[in-house]
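The block underneath contains the structure these notes are about, expressed in C-alpha cells.
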Amino acid sequence: MMELEMDKLVSLCKRRGFIFPSSEVYGGINGFWDYGPMGVELKRNIKDAWWRDNVQMRDDMVGLDCSIIMNPKVWEASGHVGGFSDPMVDCRATKERYRADQMYVFAYLFPATNAKGEPTEAWLAGLGGSPGEAAEAVEKRAAKLAKKFGKPADPPVVTPYLEVAADDRIKVIGPSTDEAGTLTEPRSFNLMFKTYVGALESESNVAYLRPETAQGIFANFKNVVDTARVKLPFGIAQVGKSFRNEINPRNFTFRSREFEQMEIEFFCRPEEAKDWYKYWRDARFAWYTGLGLKSEKLRLRDHDAEELAFYSTATADIEYSFPFGVSELEGIAHRGDYDLTQHMKFSGKDLSYFDEEKKERFTPHVIEPSAGADRATLAFLCEAYTEDEVGGEIRTVLKFHPRIAPVKAAVFPLVKRDGMPEKAEAIYRELKRSYNVAYDEKGAVGRRYRRQDEAGTPFCITIDSQTNADDTVTFRDRDSCRQWRVPAAGAVQALRDLLDGKPVPSAE
RNA sequence: GCGGGCGUAAUUCAGUGGUAGAAUGCCAGCUUCCCAAGCUGGACGUCAGGGGUUCGAAUCCCCUCGCCCGCUCCA
C-alpha cells in the first residue's frame with residue numbers, strides 16, 4: 001500500500017487548482033482556504049451527491065437553508081454560549097492549562113514568621129470539581145510545608161480561584177509548581193465568532209456566526225411541520241457554512257475556522273429512535289463506500305459511555321485514516337429530545353408534535369448525522385491520490401469515483417488536422433450540454449492523457465483517422481488506460497452509461 | 001496558546017554578504033495516428049511582509065504574517 005505524503009497532495013491541489021490558501025497574495029490567513037476551478041467542482045459534486053442521495057431520492061426528507069446569523073438566544077439554548085466558554089488559567093512555569101472553575105485556592109497560615117514578624121502564608125491551588133476533591137493533593141503539599149514552618153493553627157481558607165481578588169492572584173501557587181505568581185488571570189476562550197448586527201457596536205446587538213447548521217433546523221422544526229405536510233418519521237437536511245473560533249487550524253483543510261457542513265436532523269417517535277439511529281449509522285457509512293471510500297481506511301467507531309455527550313444515548317463516528325492520523329468525517333448522534341426541549345424552554349414556544357393517528361402529543365427524538373463537506377472532500381482526495389509507475393516514470397492519477405470527478409470526460413483530436421479538431425469539438429459541444437467536459441487539441445496526446453489523469457477525469461474520448469472511415473471514436477479509461485471504440489453518434493449515451501456505473505469493456 | 005523547524009518561479013528545490021538559478025510544469029510554433037517523446041522560441045520572482053546593520057542583504061539582526069511538527073485545545 002502506497003503511503004500518501006500529505007505534502008504531495010497539497011502541492012497537487014495547488015498546482016491543479018483544487019485548493020489555494022485563502023487571500024494568498026496578502027500572505028494568506030491561518031485556517032481559511034479557497035477552492036479553485038477544480039476544487040469547486042469536486043466539492044459541489046460531493047454536496048450534490050449528498051443532497052441527491054439524502055433528500056431528492058427519499059420520501060421522508062426535506063431541505064432547508066437557514067441564515068448564518070440567528071437570534072443569539074438560539075446559542076444560549078444550544079449551550080454554545082455560556083456552557084462551553086469556560087475561563088482558563090495558564091501556568092507560566094509549567095505551561096499547563098487549567099479550567100478556572102475547577103481550581104480552588106487553600107490559604108494556609110504557618111506559625112513560622114518572616115523578617116517582619118508576620119506568619120508564613122501559602123496559597124496552594126488544587127484542582128477538582130469540588131473543594132473536597134481539590135483538597136487531597138493540596139493537603140499533602142501543605143503537610144510538607146508544615147515540616148518546615150510548623151503546623152498551622154487553623155484549617156486553610158478555601159476560595160474558588162475565580163473569586164480570588166485580582167491583587168491576590170500573585171500569591172497563588174499553581175497545582176504543579178512550588179513558585180507563587182505563575183498563574184495567569186482567568187481568560188475566556190471564544191468558541192464562536194462574534195459580530196454586531198447593525199452599524200453600531202454595543203452589547204445589545206451582539207450576534208454570532210453559527211458554529212453548526214443544526215440549530216437552524218431545530219429552530220425551524222415547527223415551521224416545517226406546519227407547512228411542508230410532513231409526518232413523523234421525517235428528516236430535515238441542510239448544507240452550509242459554519243464557523244468556529246476556538247479551534248487550532250491544522251492539517252490542510254481538515255481543521256478550519258470556516259467550514260461547510262452537511263447535516264440531517266431526523267425526527268421520530270421516541271420508541272423508534274434506537275432503530276433509526278442504527279439505520280442512519282449504517283446508511284451514512286455506506287454512502288462513503290458507495291462513492292469510492294472503499295479501503296480499510298474508512299472506519300465506523302461507536303463512542304463508549306465516557307465519550308458520550310450527557311444528552312446522547314448513542315453516538316458513532318465515521319473516521320478516515322488520513323496521512324496525519326485517523327480523524328472524524330461525520331458523527332451520527334442519538335440526541336434524544338434534548339434540542340427541541342431546550343428550544344421550548346428558551347423560546348417558550350411549543351415544539352411538540354401531535355400524532356393524528358394515535359392522538360398523541362410528544363416531543364420527537366432526533367438522530368443527527370452531521371458530516372463535514374470539506375473533510376469529505378479531503379478524504380476523497382486522499383483516497384483518490386495514486387502514483388502508478390509506467391516505464392520507470394511516475395503517473396499521478398486521482399482515481400475519483402465518476403460521480404464526484406470534477407471533469408467527467410475530455411475530448412481530443414489525436415492530431416490537429418484532417419478535420420479531427422472540428423469533429424472533436426462537435427462531440428465536445430454535445431457532451432457539454434449534460435456534463436462538465438474538457439477539450440484539448442494542443443501537444444502530444446500522451447501529455448493530454450496524463451494531464452487529465454492528474455485531474456481525475458475518468459474518461460477521454462479521442463478522434464483519430466479511423467473516425468473519418470467508420471465514424472467511431474476511442475474511449476479511454478483513466479484507471480486501466482484501456483481503450484475501445486464507440487460510434488460517434490452514441491458517444492453521449494456511452495459516457496452516460498459509464499458514469500452510471502456500466503463497467504469498462506474488458507480487453508479486446 | 002506554548003515550544004521547535006521552515007518560507008526563493010505555478011511546483012520541487014539550489015543559491016552563507018557582491019548581476020536571481022535549475023528541473024519539471026506553462027505558453028506559441030514545428031513535428032507527431034495513442035500514453036508526460038523530439039526540436040525551436042517564449043513568459044513567469046515584491047527571494048513571505050516590514051524595519052535595521054552594511055558601500056552592498058535572498059544571505060546577518062529584530063518584528064509581523066504564513067506553513068510544517070510536537071504539546072494544549074477541539075461542546
Exercise. With heavy atoms under 4.0 Å as the rule, sort A:Phe20 into base, sugar-phosphate or nothing.
Key: nothing
Every protein N/O within reach of nucleotides 37-42 of chain B N/O, cut-off under 3.5 Å:
| residue | atom | partner | partner atom | Å |
| --- | --- | --- | --- | --- |
| B:rA37 | OP1 | A:Arg447 | NH2 | 2.7 |

Taking for A:Asp464 and for A:Phe32 the nucleotide of RNA chain B with the nearest heavy atom, the one nearer the 5' end belongs to A:Asp464
inquiry  = Please give the distance between the P atoms of B:rG56 and B:rU64 as a whole number of Å.
reply    = 26 Å
Answer for the Watson-Crick or wobble partner of B:rC65, both distances under 3.5 Å, is B:rG7
Rounded to whole Å, CG of A:Asp440 lies from C1' of B:rG25 at a distance of 14 Å
Partner of B:rA58 under the Watson-Crick or G-U wobble criteria, both distances under 3.5 Å, comes out as none
* Lys/Arg-Asp/Glu bridge criterion (N-O < 4.0 Å) met for A:Asp464, A:Arg485 -> yes
Between protein and nucleic acid, restricted to nucleotides 69-71 of chain B and to nitrogen or oxygen atoms under 3.5 Å apart, what atom pairs and distances do you find?
| residue | atom | partner | partner atom | Å |
| --- | --- | --- | --- | --- |
| B:rC69 | N4 | A:Arg250 | NH2 | 3.0 |
| B:rG70 | O6 | A:Arg250 | NH2 | 3.1 |

Across every strand shown, the nucleotide meeting Watson-Crick or G-U wobble geometry with B:rC34 (both distances under 3.5 Å) is none
If only side-chain N and O atoms count, and only distance matters, is there a donor-acceptor pair under 3.5 Å linking A:Gln342 with A:Tyr311?
no
Checklist entry - Touch check for A:Gly31, heavy atoms < 4.0 angstrom, all strands: base, sugar-phosphate only, or nothing? => result sugar-phosphate
Integer angstrom distance from the P of B:rG51 to that of B:rA57
13 Å
Here the distance between atom C1' of B:rC34 and atom CZ of A:Phe459, to the nearest Å, is 18 Å
A:Trp276 and A:Cys268 have their tightest heavy-atom pair at CD1-CB, 3.7 Å
Residue pair A:Arg255/A:Ser465 against RNA chain B: nearer the 5' end by closest nucleotide is A:Ser465
Residue set satisfying side chain to side chain donor-acceptor pair (under 3.5 Å) with A:Asp34, at least two apart, ordered chain then number -> none
To the nearest angstrom, the CZ-C1' distance between A:Arg257 and B:rG66 comes to 13 Å
Original post:
Does A:Arg478 place a side-chain N or O at less than 4.0 Å from the phosphate oxygens OP1/OP2 of B:rC35?
Top reply: no
- Same-atom distance (C1') from B:rC62 to B:rC44, integer angstrom: 32 Å
If we count only N and O atoms by modelled type, under 3.5 Å, do the side chains of A:Tyr439 and A:Arg429 hold a donor and an acceptor together? no
Across every strand shown, the nucleotide meeting Watson-Crick or G-U wobble geometry with B:rC74 (both distances under 3.5 Å) is none
B:rA43 -> Watson-Crick or G-U wobble partner, both distances under 3.5 Å, gives none
C1' atom, B:rG3 versus B:rA36: distance in rounded Å? 43 Å
The nucleotide from B:rC35, B:rC33, B:rA36 with an atom nearest the side chain of A:Tyr449 is B:rC35
Quick note, A:Arg476 side chain, CB onward, closest among B:rC73, B:rC35, B:rC67 is B:rC35
Worksheet item: Considering only the P atoms, how many Å lie between B:rU46 and B:rA58, rounded to the nearest integer?
Response: 14 Å
| query | So what does A:Glu454 touch, heavy atoms closer than 4.0 Å: a base, only the sugar-phosphate, or nothing? | reply | base
The side-chain contact (heavy atoms from CB on, under 4.5 Å) partners of A:Arg301 (sequence neighbours excluded) come to A:His303, A:Glu307, A:Asp317, A:Glu319
If pairing means Watson-Crick or G-U wobble with both distances under 3.5 Å, then the partner of B:rC13 is B:rG21
Just list the side-chain donor-acceptor pairs under 3.5 Å for residues 12-23 of chain A, sequence neighbours left out, or say none.
| residue | atom | partner | partner atom | Å |
| --- | --- | --- | --- | --- |
| A:Lys14 | NZ | A:Glu24 | OE2 | 3.3 |
| A:Arg15 | NH1 | A:Glu454 | OE1 | 3.4 |
| A:Arg15 | NH1 | A:Glu454 | OE2 | 3.1 |
| A:Arg16 | NH1 | A:Arg451 | O | 3.0 |
| A:Arg16 | NH1 | A:Glu454 | OE1 | 3.1 |

note: A:Arg485, atom CZ; B:rC34, atom C1'; distance rounded to Å ~ 11 Å
So the side-chain hydrogen bond (donor to acceptor under 3.5 Å, both in side chains) pairs with at least one residue in residues 368-378 of chain A (sequence neighbours excluded) are A:Tyr35-A:Asp374, A:Lys43-A:Asp374, A:Glu263-A:Ser370
*When the C1' atoms of B:rG42 and B:rU54 are considered, how many whole Å apart are they?*
38 Å
When you compare the protein's N or O atoms with those of nucleotides 8-12 of chain B, which come within less than 3.5 Å of each other, and at what distance?
| residue | atom | partner | partner atom | Å |
| --- | --- | --- | --- | --- |
| B:rA10 | O3' | A:Lys14 | NZ | 3.3 |
| B:rU11 | OP1 | A:Lys14 | NZ | 2.7 |
| B:rU11 | O3' | A:Ser11 | OG | 3.2 |
| B:rU11 | O2' | A:Ser11 | OG | 3.2 |

Here the distance between atom C1' of B:rG25 and atom CZ of A:Arg16, to the nearest Å, is 10 Å
Between the CG atom in A:Asp453 and the CG atom in A:Asp388, the distance rounded to the nearest 0.5 Å is 8.5 Å
For A:Tyr428 and A:Val437 the tightest heavy-atom approach is CE1-O, 3.4 Å
The contact string for nucleotides 43-48 of chain B, one letter per nucleotide 5' to 3', using protein heavy atoms under 4.0 Å with B, S and - for base, sugar-phosphate only and none, comes out as ---B--
When the C1' atoms of B:rC6 and B:rC30 are considered, how many whole Å apart are they?
44 Å
Value for CG (A:Leu431) from CZ (A:Arg496), rounded to nearest 0.5 Å, stands at 9.5 Å
Between B:rG17 and B:rC55, how far is it from one C1' atom to the other, in whole Å?
12 Å
Contacts of A:Ala488 meeting side-chain contact (heavy atoms from CB on, under 4.5 Å) (sequence neighbours excluded), chain-then-number -> A:Lys423, A:Ile427, A:Asp471, A:Val473
Those residues at least two apart in sequence (or on a different chain) that pass side chain to side chain donor-acceptor pair (under 3.5 Å) with A:Asp302 are A:Arg281
Atom pairs, protein N/O to nucleotides 27-30 of chain B N/O, distance under 3.5 Å:
| residue | atom | partner | partner atom | Å |
| --- | --- | --- | --- | --- |
| B:rA28 | OP1 | A:Lys442 | NZ | 2.9 |

Cation-pi, A:Tyr449 ring and A:Arg476 (6.0 angstrom, 45 degrees): yes
A:Lys274 meets the side chain to side chain donor-acceptor pair (under 3.5 Å) criterion, sequence neighbours left out, with none
Worksheet item: In terms of heavy-atom contacts, does CZ of A:Arg450 have more than 12 from other residues, nucleotides or ligands at under 6.0 Å?
Response: yes
> In terms of side-chain heavy atoms, does A:Asp497 have a donor or acceptor partner in A:Gln493 at a distance below 3.5 Å?
Replying inline: yes
Check: Should the pair A:Glu383-A:Lys297 be classified as a salt bridge under the 4.0 Å nitrogen-to-oxygen rule?
Finding: no
A:Trp33 atom CH2 is separated from B:rG66 atom C1', nearest whole Å, by 9 Å
How would you label the contact of A:Leu12 with the nucleic acid (heavy atoms, under 4.0 Å): base, sugar-phosphate, or nothing? nothing
